[in-house]
Peer 1: 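Mind having a look at this structure? Questions to follow.
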There are 2 protein chains.
Amino acid sequence: MSGTRWLDDQEQRAWRAFIRMHGRLTARLNRQLQADSGLSLADYEVLVQLTDAPDGRLRPFELQRDLQWEQSRLSHHLTRMQRRGLVAREECDEDGRGALIALTDEGRRAIVAAAPGHVETVRRLFFEGLTRDQLATLRQVSDEVLARLDTGADLGG
Amino acid sequence: MSGTRWLDDQEQRAWRAFIRMHGRLTARLNRQLQADSGLSLADYEVLVQLTDAPDGRLRPFELQRDLQWEQSRLSHHLTRMQRRGLVAREECDEDGRGALIALTDEGRRAIVAAAPGHVETVRRLFFEGLTRDQLATLRQVSDEVLARLDTGADLGG
DNA sequence: TCGAGGTAGATGATGCATCATCTAGGCCGC
DNA sequence: GCGGCCTAGATGATGCATCATCTACCTCGA
């Protein structure tokens, strides 16, 4: 409690650069996607998962696991996407509590139209300036932090 | 337009890990901060800037430059923080259009109380598992991407 | 077979982020 | 000294994220 170990200079700079980079990058990606195809980054991620699923159908809890979203966020988001006709809710035979989220034709059309521009933007703004080594390190770092987030789930913060 | 260069396996994994890591990390930081001190991460960042300022006062456009937030987001956020008594709006003598945002006593108390716990959480969840080399690379990567975001400001995405 | 506890998911309230737009004051050339 | 343009900032509407809570169904053991 008393002797807080503050961040040193290198840590502080790395942290701020990282936070700002992510913020500005996703803001840009969001705007590009929104402007060019009317989808948000969040819509896009949901649609990707459904596209990858065998028959374009997933249980909400599967989506939740894959996207690592909060349950409530997912549920609200699906409601909005349903309203826009991008997905449909169906009953689930195997589990009476559950639902099935199905990609609609319109949803499929939307992501097929959106994907090339989005990938190009990600490539141009992010990957193009990075070496393979940097990429590998970024992945190590991400995995390490994700592991800490998992194990430290019970601790105070 | 025709031959989209999709992400290869390494790129895809790095990208998803990065996005998920950031999302989960900030969610955790937000919750910790919120639970322990009633501040959001956004509140915290604003208060840090004001604390660093000579007399605890900054023009909104200075905050905007430092935080790299949208103007409108900042303005709305300051309104909410003002309502909660964390900052005050004052008139600006040098520029009749402008305002001055001042850290209140309550705002100062809030960040002084919040900082130790927040820094410890950042350290525990993020820095503790990383080497200095990884940190340096992370910073290089962030700066590189930030540079691309600046130069590519006019391009399509 | 019934009741306790767990899981799947929806929902209302609230604060946050973004967009479009608006006001007001500064600046500069004529 | 005024008309056009820029900059500083506020605001209303809308969609998004989170929290707390709720319902319905499943499961398993006594």
Side-chain angles (χ1 to χ4, degrees), chain A residues 19 22-36 38-46 57-84 86-102, chain B residues 19 22-36 38-46 57-84 86-102:
Chain A
I19 295 294
H22 180 279
R24 290 193 50 202
L25 177 59
T26 53
R28 272 289 271 291
L29 293 178
N30 237 316
R31 254 193 290 273
Q32 178 270 325
L33 209 51
Q34 193 69 242
D36 293 359
L39 296 178
S40 71
L41 216 41
D43 298 332
Y44 187 89
E45 290 184 60
V46 170
R57 252 160 260 267
L58 284 173
R59 300 283 300 272
F61 77 87
E62 295 174 306
L63 274 169
Q64 194 189 336
R65 175 173 31 69
D66 296 347
L67 296 172
Q68 307 235 35
W69 283 10
E70 296 221 345
Q71 184 271 319
S72 163
R73 172 187 180 187
L74 178 61
S75 184
H76 280 298
H77 202 92
L78 290 174
T79 300
R80 289 188 296 265
M81 290 181 75
Q82 184 182 20
R83 251 204 308 272
R84 293 191 286 148
L86 298 169
V87 302
R89 271 191 235 254
E90 300 176 353
E91 294 216 347
C92 177
D93 294 336
E94 300 115 53
D95 190 334
R97 298 165 295 185
L100 267 175
I101 305 301
Chain B
I19 295 295
H22 180 279
R24 291 193 49 202
L25 178 59
T26 53
R28 272 288 271 290
L29 293 177
N30 237 314
R31 255 193 290 272
Q32 178 270 326
L33 208 52
Q34 193 69 242
D36 293 358
L39 296 178
S40 69
L41 215 41
D43 298 331
Y44 187 90
E45 289 184 60
V46 170
R57 253 159 260 266
L58 285 174
R59 300 284 300 274
F61 77 88
E62 295 174 307
L63 274 169
Q64 194 189 337
R65 175 173 31 68
D66 296 346
L67 297 172
Q68 307 235 35
W69 283 9
E70 296 221 345
Q71 183 270 319
S72 163
R73 173 186 180 187
L74 179 62
S75 184
H76 282 297
H77 202 93
L78 291 174
T79 300
R80 288 189 296 266
M81 290 181 76
Q82 185 182 17
R83 251 205 308 271
R84 292 192 286 149
L86 298 170
V87 303
R89 272 190 236 253
E90 301 176 351
E91 294 217 348
C92 176
D93 294 336
E94 301 115 52
D95 190 335
R97 301 164 294 183
L100 267 174
I101 304 300

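Because the structure is predicted, anything quoted here is derived from the model rather than measured. In what follows, every chain begins at residue 1, and chains take the letters A, B, ... in the order their sequences are listed.
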Peer 1: What residues form a salt bridge (Lys or Arg N to Asp or Glu O under 4.0 Å) with B/R84, not counting sequence neighbours?
Peer 2: B/D43
Peer 1: Is there any protein nitrogen or oxygen under 3.5 Å from a nitrogen or oxygen in nucleotides 15-19 of chain D, and what are the pairs?
Peer 2:
{"unit_1": "D/dC16", "atom_1": "OP2", "unit_2": "A/R80", "atom_2": "NE", "d": "2.3"}
{"unit_1": "D/dA17", "atom_1": "OP1", "unit_2": "A/R73", "atom_2": "NH2", "d": "3.0"}
{"unit_1": "D/dA17", "atom_1": "OP2", "unit_2": "A/R73", "atom_2": "NE", "d": "3.4"}
{"unit_1": "D/dT18", "atom_1": "O4", "unit_2": "A/H76", "atom_2": "NE2", "d": "3.2"}
{"unit_1": "D/dC19", "atom_1": "OP2", "unit_2": "A/E70", "atom_2": "OE2", "d": "3.2"}
{"unit_1": "D/dC19", "atom_1": "OP2", "unit_2": "B/R31", "atom_2": "NH1", "d": "3.2"}
{"unit_1": "D/dC19", "atom_1": "N4", "unit_2": "A/S72", "atom_2": "OG", "d": "2.5"}

Peer 1: Round to the nearest Å and state the distance from B/I101 atom CD1 to D/dA8 atom C1'.
Peer 2: 11 Å
Peer 1: Who passes ring-ring contact (aromatic ring centres under 6.0 Å, His included) against A/H77, sequence neighbours left out?
Peer 2: A/W69
Peer 1: How many whole angstroms separate atom CD of A/E62 from atom P of C/dA8?
Peer 2: 10 Å
Peer 1: Which residues satisfy the side chain to side chain donor-acceptor pair (under 3.5 Å) test with B/R24, sequence neighbours excluded?
Peer 2: A/Q68, A/D150
Peer 1: Please identify each residue that fulfils side chain to side chain donor-acceptor pair (under 3.5 Å) with A/E62, with sequence neighbours left out.
Peer 2: none
Peer 1: In terms of side-chain heavy atoms, does A/Q32 have a donor or acceptor partner in A/D36 at a distance below 3.5 Å?
Peer 2: yes
Peer 1: Quick one: which protein N/O atoms are closer than 3.5 Å to N/O atoms of nucleotides 21-28 of chain D? Pair and distance per line, please.
Peer 2:
{"unit_1": "D/dC26", "atom_1": "OP1", "unit_2": "A/G96", "atom_2": "N", "d": "3.2"}

Peer 1: Please list, chain by chain and in numerical order, all residues satisfying side chain to side chain donor-acceptor pair (under 3.5 Å) with B/E70, sequence neighbours excluded.
Peer 2: A/R31
Peer 1: Apply salt bridge (Lys or Arg N to Asp or Glu O under 4.0 Å) to B/E90 and list each qualifying residue two or more places apart in sequence or on a separate chain.
Peer 2: B/R57
Peer 1: Select base, sugar-phosphate, or nothing to describe what A/R83 touches, counting heavy atoms under 4.0 Å on all strands.
Peer 2: nothing
Peer 1: Round to a whole Å and report the spacing from CZ of B/R89 to C1' of D/dT11.
Peer 2: 11 Å
Peer 1: In chain order, what residues pass the salt bridge (Lys or Arg N to Asp or Glu O under 4.0 Å) check against A/R97, with sequence neighbours excluded?
Peer 2: A/D95
